[in-house]
Every structure is written in structure tokens, then in C-alpha cells.
Visitor: 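Below is a structure I'd like to ask you about.
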Amino acid sequence: MSSLDNGAVLGIETSCDETAAAVLAGDGRVLAERLWSQSAEHAPYAGVVPEIAARAHLARLPGMIEAVLADAAVAPAAVAATAGPGLIGGLIVGANLGKGFALARGLPFYAVNHLEAHALAARLPGLAAEPPAFPYLTLLVSGGHCLLVETHGPGAHAVLGRTLDDAPGEAFDKVAKMLGLGWPGGPALERLAAGGDPARFPLPRPMLGREGFDFSFSGLKTAVATIVAGYPSGALPERDAADLAAGFQARVAWTLADRARRGMRAAKTCRVLVVSGGVAANAAVRAALRAAAKEEGFALAVPPPDLCTDNAVMVAWAAIERRRGGDPGADLAVAPRPRWPL
Ligand code: KG4
Ligand code: ZN
């Protein structure tokens with residue numbers, strides 16, 4: 001262990017539509033946290049509007065940083081902010097506030113990769129009796145991302161597969177919109193699907209029989225759109241909407257489990273499947289992955305929903321993992337970047 005591992009870390013997250021700040025002790029205990037979801041600001045547009053997001057981050061983040069510092073009542077020894085991938089306006093707000101704070105106090109600054117933060121969140125202390133040991137297989141399923149990755153440690157990720165088109169959360173949101181549900185659509189679609197018959201409509205199984213580890217959701221989404229288009233506009237009966245939602249959700253769960261199963265067979269040194277991102281909050285998805293992991297002899301680790309969706313705790317934690325590896329946090333010159341592959 002490095003001598004860097006004892007100090008508290010201030011974490012900042014602004015890559016999409018959650019504004020968040022947190023202070024973690026050097027051992028990963030959460031000392032203070034604030035999170036503001038901007039969903040209500042973006043809901044009228046049925047999607048995240050980058051300019052609105054950036055302005056909302058700027059309006060709220062400084063006060064949130066002050067609040068977590070006051071709550072934590074310890075001076076941070078380092079600052080970490082998401083620097084990508086994500087919406088550039090928000091990344092500039094969060095990363096530059098973080099850098100300014102670090103500069104003013106003479107602290108190291110960690111430019112955190114948001115995807116790495118999701119991938120490492122399952123190792124936060126207290127979530128499981130034993131945190132998943134490296135290497136493990138990570139399935140990251142959110143509104144913006146779909147990745148299957150071998151996680152060997154901070155800065156060491158081998159991407160096995162990714163989506164060729166939509167992310168699963170994006171597909172949930174688009175199908176929810178077709179079914180007349182609000183935004184974000186994932187949770188509403190899950191509620192509607194609870195009363196539906198998943199076998200009623202014939203829907204495709206994405207990537208059925210395809211080699212490799214890539215994902216695709218646009219064909220499934222189009223199949224739902226085609227069925228919806230068969231009804232007179234605005235006249236989809238509740239029963240049919242519920243059956244369609246259940247069918248769509250079951251197919252998403254199926255394809256995630258199918259791809260993860262292939263990954264578990266290939267990733268010979270891994271024994272744990274970690275699932276993270278907003279779609280991991282879906283019970284049907286979790287159940288399908290739990291069954292697949294069991295069949296393959298893998299343990300399943302899914303952080304609680306508030307650590308699966310975007311948050312600042314995971315950002316601070318990613319920096320703590322790096323500090324333990326001896327990374328001194330000399331990232332002041334790292335510019336925020338909208339694209340930043342693992
Ligand atoms: O990880 P996240 O908070 O943000 C990023 O995209 O990074 O994920 C948000 C996505 C949205 O597309 C939302 O509809 C989806 O996760 N989601 C769900 C559920 N809860 C959130 N999708 C399906 N079922 C859910 N229960
Ligand atoms: Zn995310």
C-alpha cells in the first residue's frame with residue numbers, strides 16, 4: 001500500500017445530468033455526499049439537453065462542494081473529478097472547479113474516467129463481505145454506455161465488447177417514449193412491464209448466435225416501433241402496452257445475459273461478474289444476469305442502485321484506488337474530453 005492512501009478525497013461528478021459531490025475517507029468510507037438529479041429540468045425535452053445540463057451543474061456544484069466539505073469536517077488530501085467521457089459542458093464545469101480547488105489548496109488532482117469509476121464502484125468497502133478481487137468481468141449498462149470489460153485494476157481494462165448502436169438505457173428510454181411513458185423511461189417501463197405478458201409479441205433476440213461480445217439494441221427497438229405503428233395513433237391499449245414493455249424488457253435481459261455468458265466463458269482468470277450503470281437497477285436484468293452467473297460458476301456483484309447510477313462517491317473511490325497504486329494525481333494538465341475510451 002502506498003503512503004497516499006490515508007487522506008480524504010473530494011469527488012465531483014458532472015458528466016451527464018447528475019450533479020454530485022462527495023468526500024470519502026482514505027479507507028473508502030463515505031463522509032459526506034450530495035447529489036442533484038436534473039431529470040425534471042430535462043423531462044420536457046424527453047432527453048438530456050447539454051446546454052441546460054452545463055448551466056445546472058454550474059449553478060449547483062459550488063454550493064454542493066461547500067456542503068460536503070462542511071459535513072465531512074475533514075480537509076481533503078486530494079481532489080477527483082470526472083473528466084470524461086460525457087457531455088463536454090458539464091465536464092468542463094466539474095473538472096475546472098475541481099482543478100481550481102486543488103490548485104488553491106495545493107492538492108493533487110485526479111482526472112477520473114467515468115467508465116472506470118463505474119467499473120470500480122463494486123469494490124467500495126462495505127458493499128459485500130469480500131470486495132470483488134481483480135481481475136473481474138464488468139458489464140456496464142447505462143443510458144450512454146454498454147460495455148463488457150475485463151477489469152484488472154485502475155488504468156487496466158480490456159474491452160471485450162460494446163454496443164454497435166444504442167446503449168440499453170437509451171433503448172429503454174426510446175421504447176418508453178413510444179409507449180407514451182415519461183422520461184427517463186427505464187423505471188416507468190419496468191413498472192408497466194410488471195403486469196405484462198413477455199411472450200405475447202414476437203420480438204427478436206438481439207445478436208442471437210453471433211460470435212464475439214458486442215451488443216445491439218436498435219433492431220429490437222425498431223421491432224417495437226413497427227408493432228406500435230400498427231395501431232391507430234395514440235390508441236395503444238394499456239394491456240398491449242404492458243405486454244410490449246414486458247417483451248422488450250425480457251429481450252434486453254436475455255441479450256445482456258447471453259453476451260455476459262459468452263464473456264464469462266472467455267475471461268478465464270475472472271470469477272466475478274460486476275454489473276453497473278442505471279440499467280442494473282432493473283429487476284428482470286438483474287435476475288437474468290444472476291442466473292447466467294450461477295450457471296457459469298461466477299459470483300455476481302451489483303452495487304446498490306444509487307451507486308449504479310451516476311454519483312460522486314464512485315469518482316472519489318476511483319481516485320482512492322489509484323492512490324493506493326501509487327498514482328500521485330498529477331492531472332492538472334488533463335483536459336476534459338467527451339470521448340475517452342477505457
Ligand atoms: O447510469 P445512469 O444513471 O446514467 C448514465 O447514462 O450514465 O443510467 C441512466 C439510464 C437511463 O437510460 C434510465 O432509463 C436507465 O438507466 N434506467 C433503467 C432503470 N432505471 C434506470 N432502465 C431500466 N430499468 C430500470 N429500472
Ligand atoms: Zn454513468
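Remember, it's 1-based here, ligands and their atoms both numbered in the order they're listed. It should be emphasised that the depicted structure is a prediction, and the values quoted were computed from it without experimental measurement. All values below were derived from every heavy atom in this structure, side-chain atoms included, with hydrogens, water molecules and symmetry-related copies excluded. Position 1 is the first residue of the sequence, and the numbers go up from there.
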Visitor: Atoms of ligand 1 less than 4.0 Å from Gly143 heavy atoms?
Guide: 5 (C), 6 (O), 8 (O), 9 (C), 10 (C), 12 (O)
Visitor: Taking the six-membered ring for Trp and the full ring for Phe, Tyr or His, determine whether the centres of Phe172 and Phe248 are under 6.0 Å apart.
Guide: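 Ring centroids of Phe172 and Phe248 are less than 6.0 Å from each other.
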Visitor: For His114, what is the atom name of its N, O or S atom nearest to the Zn ion (ligand 2)?
Guide: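 The nearest such atom is NE2.
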Visitor: Among Val48, Asp173, Val141, whose heavy atom sits nearest atom 12 (O) of ligand 1?
Guide: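 It is Asp173 that holds the nearest heavy atom.
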Visitor: Under 4.5 Å between any side-chain heavy atoms of Arg271 and Pro132, yes or no?
Guide: no
Visitor: Before accepting this row, confirm whether a basic side-chain N of the pair Lys221/Asp165 lies closer than 4.0 Å to the acidic partner's carboxylate O.
Guide: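 No, no charged N to carboxylate O under 4.0 Å.
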Visitor: Return the closest protein heavy atom for atom 22 (N) of ligand 1 as residue, atom name and distance.
Guide: Gly186 CA, 3.4 Å
Visitor: Using a strict 4.0 Å cut-off to heavy atoms of Pro187, name the atoms of ligand 1 that fall inside it.
Guide: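 The list of qualifying atoms is 19 (C), 20 (N), 21 (C), 25 (C), 26 (N).
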Visitor: If the cut-off is 4.0 Å to any non-hydrogen atom of Gly144, which atoms of ligand 1 fall inside it?
Guide: 6 (O)
Visitor: Donor-acceptor pair, distance only, cut-off 3.5 Å: does the side chain of Tyr110 make one with the backbone of Val9?
Guide: no
Visitor: Determine, step by step, whether Asp310 and His114 satisfy the side-chain hydrogen bond (donor to acceptor under 3.5 Å, both in side chains) criterion, reporting the C-alpha distance in whole Å, the side-chain angles of both residues, the deciding distance to 0.1 Å, and the verdict.
Guide: CA-CA 9 Å; Asp310 290 349; His114 181 82; 3.1 Å; yes
Visitor: So which of the N, O or S atoms of Asp310 lies nearest the Zn ion (ligand 2)?
Guide: OD1
Visitor: Tell me: protein heavy atom nearest atom 1 (O) of ligand 1, and distance?
Guide: Gly278 N, 3.0 Å
Visitor: Between Leu58 and Arg55, is the side-chain contact (heavy atoms from CB on, under 4.5 Å) condition met? List the steps.
Guide: CA-CA 5 Å; Leu58 188 57; Arg55 285 169 192 270; 5.6 Å; no
Visitor: Among all the protein's non-hydrogen atoms, which is closest to atom 24 (N) of ligand 1, and how far away is it?
Guide: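 Result: Asn282 ND2, 3.0 Å.
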Visitor: Under 4.0 Å from a heavy atom of Asp310: give me the atoms of ligand 1 that qualify, with their elements.
Guide: 1 (O), 3 (O), 4 (O), 5 (C), 7 (O)
Visitor: Would you mind listing which atoms of ligand 1 come within a distance below 4.0 Å of any non-hydrogen atom of Glu190?
Guide: 24 (N), 25 (C), 26 (N)
Visitor: Of the backbone and side-chain N, O or S atoms of His118, does one lie nearer to the Zn ion (ligand 2) than 2.8 Å?
Guide: yes
Visitor: Checking side chain to side chain contact (heavy atoms under 4.5 Å, CB included) between Glu13 and each of Thr19, Leu35, Thr82, which is the one that passes?
Guide: Thr82
Visitor: Between Glu211 and Arg262, is there a salt bridge with N-O shorter than 4.0 Å?
Guide: yes
Visitor: Quick check on contacts: which atoms of ligand 1 are under 4.0 angstrom from a heavy atom of Thr309?
Guide: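 In order of number, 1 (O), 3 (O).
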Visitor: Within ligand 1, which atoms have a heavy atom of Gly169 less than 4.0 Å away?
Guide: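 What qualifies from ligand 1 is 12 (O).
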Visitor: In terms of side-chain geometry, is the basic nitrogen of Arg259 or Asp214 positioned less than 4.0 Å from the acidic oxygen of its partner?
Guide: no
